[in-house]
2 protein chains.
Amino acid sequence: MDPFLKLQKSLRSTKHSLTTPRRAVFEALRGQEPLTIHQLVARCPNIDRATVYRVVALFERLGIVQRLQTGWKYRLELTGEFHEHHHHATCLRCGSAINLPEDAALEARLYALAKRHHFRIERHQIEVQGFCDSCSAVRT
Amino acid sequence: MDPFLKLQKSLRSTKHSLTTPRRAVFEALRGQEPLTIHQLVARCPNIDRATVYRVVALFERLGIVQRLQTGWKYRLELTGEFHEHHHHATCLRCGSAINLPEDAALEARLYALAKRHHFRIERHQIEVQGFCDSCSAVRT
DNA sequence: TACTTTTTTGCAAATCTGTCGCAATTTGTA
DNA sequence: TACAAATTGCGACAGATTTGCAAAAAAGTA
């Protein structure tokens, strides 16, 4: 389903409207990499900083956006519903970030683990740090 | 090995001393759940906010502490070396954070996935959001 | 369409967070 | 104990995030 329609639907069903600022934030986040709030504000021209914060808060509440801790500062990105779900692997040596695709069996185990602890998962993120192919070689 | 001795060793080997503030921060973080910086400061009586920030920065550099994104604000906790490794589940409704224990099979799958992508994992974190037992009930 | 009601937004002010310089205090060492 | 180096507390600050409120935009209704 088209992410845009999904956004509309998600807003409608919670009695919110699809306004210009909300559309702008959504578009800005559709790019490849997760953005810092600073970058996000920069990519939403003519939209007040306070409004961007308010839209992000709304989107987080609706499960449209999630924040990740990448090193020092957090970054924002669309959740799996609006963006292909994947995991993030960051190289400790060169700093590059690659995406690891979803793995159904892995997710299944995670859900089972949570269930054993009476927790119902709605979303999840997996972050790994290590060495990418080329840096693995260099590091000996 | 006793976590405390480990801390001493870690500090010594990098020419840092085990001072009162550092001991206090370490103790505060040994509790069950990860703490927000605000909670951490509150649990270190008579220790200046700036000092707590400085200790946390030092501990992060030494790999003693790591920061997690649990919902809205980040939280701090001891790394696997000083604390048993586990995953975090944050309730979207009440905001509480619980720990899910390590699951060997799950980790194995994650490592295998990374290996298929030529990435060598050194560390990882898994964060899940959803509803805790009591909030699951309320939400119906 | 014209009018009313409800949501959103922009702006400015207020509040938090995290950082920095520096003098005073504590720790390590001989 | 005395000296040198490391660490802390305090006050001041820059940047991040939130809030109140009036204006603007969107939704609902006749």
Side-chain angles (χ1 to χ4, degrees), chain A residues 4-5 7-29 34-62 64-77, chain B residues 4-5 7-29 34-77 90 95 97:
Chain A
F4 220 82
L5 291 178
L7 171 68
Q8 278 192 307
K9 193 176 158 191
S10 180
L11 287 170
R12 283 258 179 78
S13 70
T14 50
K15 301 194 206 319
H16 289 98
S17 39
L18 178 50
T19 62
T20 305
R22 289 172 185 164
R23 199 194 311 273
V25 168
F26 187 76
E27 282 306 329
L29 290 173
L35 305 178
T36 61
I37 186 79
H38 186 271
Q39 296 174 314
L40 179 58
V41 169
R43 296 191 194 192
C44 295
N46 306 328
I47 295 180
D48 192 78
R49 196 154 36 89
T51 301
V52 173
Y53 275 99
R54 279 187 286 230
V55 172
V56 167
L58 173 65
F59 282 6
E60 282 188 295
R61 254 183 290 130
L62 300 183
I64 295 169
V65 160
Q66 61 187 350
R67 63 176 69 194
L68 317 167
Q69 190 71 42
T70 56
W72 276 111
K73 39 189 66 173
Y74 71 88
R75 284 164 193 268
L76 301 161
E77 77 168 3
Chain B
F4 221 82
L5 292 178
L7 171 67
Q8 278 191 309
K9 194 176 158 192
S10 181
L11 287 171
R12 284 263 175 75
S13 70
T14 50
K15 300 192 204 322
H16 290 97
S17 40
L18 180 50
T19 62
T20 305
R22 288 172 187 165
R23 199 192 313 272
V25 168
F26 188 76
E27 281 307 329
L29 290 173
L35 305 177
T36 60
I37 186 80
H38 185 271
Q39 295 173 314
L40 179 59
V41 169
R43 295 190 194 193
C44 295
N46 306 329
I47 295 180
D48 193 76
R49 190 160 47 94
T51 300
V52 174
Y53 276 100
R54 280 186 285 230
V55 172
V56 167
L58 173 65
F59 283 6
E60 281 188 296
R61 255 182 289 130
L62 299 183
I64 295 169
V65 160
Q66 62 186 349
R67 65 176 66 196
L68 319 165
Q69 191 69 47
T70 56
W72 203 222
K73 37 189 67 173
Y74 73 89
R75 286 165 194 264
L76 301 159
E77 77 167 4
T90 310

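Please read these numbers as outputs of a predicted model, since none were measured by experiment. Below, chain A is the first sequence line, B the second, and so on; all start at residue 1.
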Separation of C/dT8 C1' from A/Lys15 NZ (nearest whole Å): 17 Å
Check: A/Ser17 main-chain N/O paired with A/Arg22 side-chain donor or acceptor under 3.5 Å: yes
Atom-to-atom span, NE2 of B/His16 to P of D/dA5 - whole angstrom: 16 Å
Value in whole Å for how far the C1' atom of C/dT26 lies from CG of B/Leu18: 13 Å
Nearest heavy-atom neighbours spanning B/Ser13 and B/Ser10: OG-O, 3.1 Å
Pairwise 5' ranking along DNA chain C for B/Ser17 and A/Arg22, keeping only the more 5' one: A/Arg22
Non-hydrogen side-chain atoms of A/Tyr74 and A/Ile37 separated by less than 4.5 Å: yes
D/dT8 phosphate, OP1 or OP2, under 4.0 Å from B/Thr19 side-chain N/O: yes
Within-4.5 Å side-chain heavy-atom neighbours: B/Glu60 and B/Val56: yes
By side-chain contact (heavy atoms from CB on, under 4.5 Å) - contacts of A/Thr36 (at least two apart): A/His38, A/Gln39, A/Lys73, A/Arg75
Euclidean distance, atom CG of residue A/Asn46 to atom C1' of C/dT8 [Å, nearest integer]: 16 Å
Between C1' of D/dT17 and CD1 of A/Ile47, the distance in whole Å: 18 Å
Side-chain heavy-atom pair B/Leu11, B/Leu58 within 4.5 angstrom cut-off: yes
side-chain N/O B/Thr51 vs D/dG9 OP1/OP2, d < 4.0 Å: yes
Contacts under 3.5 Å, N or O only, protein and nucleotides 14-21 of chain C:
residue : atom : partner : partner atom : Å
C/dG18  : OP1  : B/Tyr74 : OH           : 3.0
C/dG18  : OP2  : B/Tyr53 : OH           : 2.2
C/dG18  : O5'  : B/Tyr53 : OH           : 3.2
C/dG18  : N7   : B/Arg49 : NH1          : 2.7

